[in-house]
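Worksheet: one structure, shown below.
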Amino acid sequence: MSAALEANKVLKVFGGLTAVNNVTLSVQEGEIFGIIGPNGAGKTTFLNSISGTYPPDGGQVRFFGQNTTGLSSDVMCRNGMARTFQISKPFPKMTALENVLVSATFGNKPGVVKDPTALAIEKLEFVEFPMPIETPAESLNTVQLKRLDLARALASNPRLLLLDELAAGLTTGELGDLMDVIRKIRDSGVTIIMIEHIMRVIMGLCDRLAVIYYGAKIAEGPTMEVAQDPKVAEAYLGKKYDL
Ligand SMILES: Nc1ncnc2c1ncn2[C@@H]1O[C@H](COP(=O)(O)OP(=O)(O)O)[C@@H](O)[C@H]1O
Ligand SMILES: [Mg+2]
């Protein structure tokens, strides 16, 4: 296994606030890597800093061995890093298919995708999109939008997929189905980094975890070890996670 992502002392400062404080971590190809921590800890900002939303103020990012520090999100997307957002923002007036088609068309390097429509349909089928593909995005509910987000991200043919609280707002039954889709994505060869709060999802999916607290990484390791780490319990879980 080689490293899909190596973050070395990534720093992001907003005015007087150090949102991401020298975070170093590495994610191996093929794993599902979880990032947990309290609200406001800097988890989303970390993803933003490695995926090109804005450049980090310090540190280095390596993506499959290449130095990609500070590259913009469109370049990172075509390099093979896709993401979903905490709040889903589809093009509301466009259909589900058209939304995915935007990614299939513009999210890949020119000339790579011969038939973007076929690719978009394939990805909607892969995530088991439960509605007719002509449904306008504005009429989709939360769980349908999550699947649309996944299909959009997958249509850029990522090697690494970043998920920001994808499971938030779902019912217990919906969670199980979504976890199956995430496993299927990993099994298709895509490495995954997921920010998540729901312990059932973290324990059920993640091979390894990092914990971010006030911008800094306070733990990293196999999921079970991190969940039982007293330092993590104190900072985040509130009590030792009952396994
Ligand atoms: N674009 C921004 N400008 C200023 N402050 C920001 C910006 N984005 C995030 N922050 C601040 O950085 C901190 C970390 O936020 P965030 O990364 O969203 O946390 P998390 O995802 O862990 O809940 C918070 O204090 C937040 O208010
Ligand atoms: Mg966040």
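Whatever order the structure lists ligands and atoms in, that order sets their numbers, starting from 1.
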Verify whether one side chain among E29 and S2 offers a donor that lies under 3.5 Å from an acceptor in the other. yes
Calculate, to the nearest 0.5 Å, the distance between atoms OG1 and CD1 belonging to T191 and I32 respectively. 9.5 Å
Contact (N/O only, under 3.5 Å) between K43 and ligand 1: yes
Taking the non-hydrogen atoms of P38, is any one of them nearer than 4.0 angstrom to ligand 1? yes
Side chain to side chain donor-acceptor pair (under 3.5 Å) evaluation trace for R83 with N48: CA-CA 10 Å; R83 69 178 290 190; N48 287 341; 2.7 Å; yes
Regarding ligand 1, does G42 bring an N or O atom to under 3.5 Å of one of the ligand's N or O atoms? yes
At less than 4.0 angstrom from any non-hydrogen atom of N39, what atoms of ligand 1 do you find? 23 (O)
Sidechain N-carboxylate O distance under 4.0 Å for K146, D149: no
Does the N or O separation between Q86 and ligand 1 drop below 3.5 Å for any pair? no
Within 45° of the six-membered ring axis of F46 and under 6.0 Å from that ring's centre, is NZ or CZ of K12 located there? no
Closest protein heavy atom (residue, atom, distance) for atom 3 (N) of ligand 1: F14 CD2, 3.5 Å
Does an N or O from L17, backbone or side chain, lie closer than 3.5 Å to an N or O of ligand 1? no
Is the closest side-chain donor-acceptor distance between S26 and Q28 under 3.5 Å? yes
Name the closest protein heavy atom to atom 24 (C) of ligand 1, giving the residue it belongs to and the distance to 0.1 Å. G40 O, 3.9 Å
Identify the closest protein heavy atom to atom 17 (O) of ligand 1: which residue and atom is it, and at what distance? T45 OG1, 2.5 Å
So if you build clusters from Ile, Leu, Val, Met, Phe, Trp, Tyr with side-chain heavy-atom gaps below 4.5 Å, do M81 and L150 land together? no
The closest protein heavy-atom partner of atom 18 (O) of ligand 1 is T44 CB, 3.9 Å
Quick one: does G37 get within less than 4.0 Å of ligand 1, heavy atoms only? no
Does the distance from a Lys or Arg side-chain N to an Asp or Glu carboxylate O, for K184 and E128, drop under 4.0 Å? yes
Measure from atom 27 (O) of ligand 1 to the protein's non-hydrogen atoms and state whether any distance is below 4.0 Å. no
If you measure every N/O of A41 against every N/O of ligand 1, is any gap under 3.5 Å? yes
Donor on one side chain, acceptor on other, Q86 and T44, under 3.5 Å: yes
Within less than 2.8 Å of the Mg ion (ligand 2), any N, O or S from T45? no
Examine T44 and say whether one of its N/O/S atoms is closer to the Mg ion (ligand 2) than 2.8 Å. yes
Give a yes-or-no answer on whether the side chains of S156 and N108 include a donor-acceptor pair shorter than 3.5 Å. no
